[in-house]
Amino acid sequence: MGHTVEELKQEFVNAFDRTDIDGIYFAPGRVNLIGEHTDYNGGHVFPCALTIGTYGVIAKRDDRILRFCSLNMKGKKIYESSLDDLVPSEEANWTNYPKGVMWTFEKQGYTIPSGMDILIYGNIPAGSGLSSSASLEVLTGLMIRDTFGFEISMQELALIGQYSENHFNGMNCGIMDQFASAMGQKDCAIFLDTNTLSYEYAPVKLSNAKIVITNSKVKHSLVESSYNKRREECETALKDLQAVTDLKTLGDLDEGRFEQFKEAIKDPVCRKRAKHAVYENQRAIKAVSALKENDIKKFGELMNQSHVSLRDDYETSCAETDILAELAWAIPGVLGSRITGGGFGGCTVSIVENDSVDRFIQEVGKNYKEKTGVEAEFYVVECAQGAHKIEC
Ligand code: GLA
């Protein structure tokens, strides 16, 4: 984990010069196995929570002051603010995430009675696309809920996190990341219908294979604006389709109906985006059925198709993640490999047979380094529990 609970407590004392702590919490990052860029299109996603994430130590104050300290920041700088000043600003840096969650609480009628001191430590690699911001949002929500005794479900905490990200931090993300962080369950991925928020836990205990995340270590600029643009393109496509057939979201369509009506989408770029959203949603549904039938091979093939679609139709992959996927596909024992998360860099996720994991890490690592000059990182992961209290 990088820091023991005792160390976190000591760091809290060092940062804020007080020993009365109300609680220590953890919220995980996530990896999405399949169902990418479907969560704002009324489709299905299939993420799981990870064992890496964000830790938080909280103590309430008698006044309205907010103090934040992150062990990940050089010099462990303390950011001071106030409950009366919940507006996003560049100077507030990473504290815009917890402040956004507090702002959302207030906006939704949960009056936070006092300020607080919060110490944060995260072990999700920076820029990896494994949802460090969602984990920070869910963590903040959970800490505030418990510390001040609000009655809010974990699912609502996920929605609060998403709302704050959309309206305070300007990223029009869907619900997947916050949902996975809040609702994760050990050894399971969450099959979530983002249209209704109904969900089901599907066991992902693969007997002879592992989930391997490969970090490309690149993050291209303009990720947020490109992401928001994809979302707009899907909305344009939806409007065009609604002129000719009855549907609420792209997730309402299967491949057949999409093919029947697709010419109604005037702009060819928007048509490609919608094609991805529709087909990817169907792939996620099929992949979960395959997993239930223990057909991991089929699951892997659908993952590969997902990558191709993200590369060619949705255009959220990039040269580096394409290289990682292609290198993975060439290795025997790799059942499937695809870019995961928002895209434009970040990670791929692969299902690799146990016997091939070492070879996978060695060969993909070596060839990726040769082709890009970058040293990839590998994490063999398990599906983990969602956000929870650790101590106090
Ligand atoms: C980011 C967003 C999610 C989701 C994915 C793509 O992680 O935060 O809501 O849209 O991208 O599947």
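Start at 1 with the first residue, then count along the sequence. Counting starts at 1 for both ligands and their atoms, following the listed order. Worth saying up front: this structure is predicted, and the values here are computed from it rather than measured.
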Does the plane of the ring in [X] sit parallel, tilted or perpendicular to the ring in [Y]? Use 30° and 60° as the thresholds.
X: Phe150; Y: Phe148; value: tilted
X: Tyr314; Y: Tyr40; value: tilted
X: His307; Y: Trp329; value: perpendicular
X: His3; Y: Tyr121; value: perpendicular

Just to confirm my output: which protein heavy-atom neighbour is closest to [atom], and how far is it?
atom: atom 8 (O) of ligand 1; value: Asp177 OD2, 2.6 Å
atom: atom 5 (C) of ligand 1; value: Met176 CE, 3.7 Å
atom: atom 11 (O) of ligand 1; value: Gly342 CA, 3.2 Å

task = Keeping the roles fixed (side chain from Thr348, backbone from Arg338), state whether a donor-acceptor pair exists under 3.5 Å.
result = no
Considering only heavy atoms of [X], which atoms of ligand 1 have at least one such atom less than 4.0 Å away?
X: Tyr40; answer: 10 (O)
X: Gly174; answer: 9 (O)
X: Cys173; answer: 2 (C), 8 (O), 9 (O)
X: His37; answer: 6 (C), 12 (O)

message = Assess, by modelled atom type and distance only, whether the side chains of Glu232 and Asn228 contain a donor and an acceptor separated by less than 3.5 Å.
response = no
task = Report yes if Gly35 has an N/O atom closer than 3.5 Å to an N/O atom of ligand 1; otherwise report no.
result = no
ask   = Looking at ligand 1, does any of its N/O atoms fall within less than 3.5 Å of an N/O of Tyr227?
value = yes
message = So if I apply the salt bridge (Lys or Arg N to Asp or Glu O under 4.0 Å) rule between Glu315 and each of Arg273, Arg230, Lys275, which one comes out positive?
response = Arg273
message = Yes or no: does Arg30 have any heavy atom under 4.0 Å from an atom of ligand 1?
response = yes
Proximity winner for atom 4 (C) of ligand 1, if only heavy atoms of Leu130, Val223, Asp39, Ile175 are counted = Asp39
Passing option when Val352 is tested against Val380, Val212, Leu206 for side-chain contact (heavy atoms from CB on, under 4.5 Å) = Val212
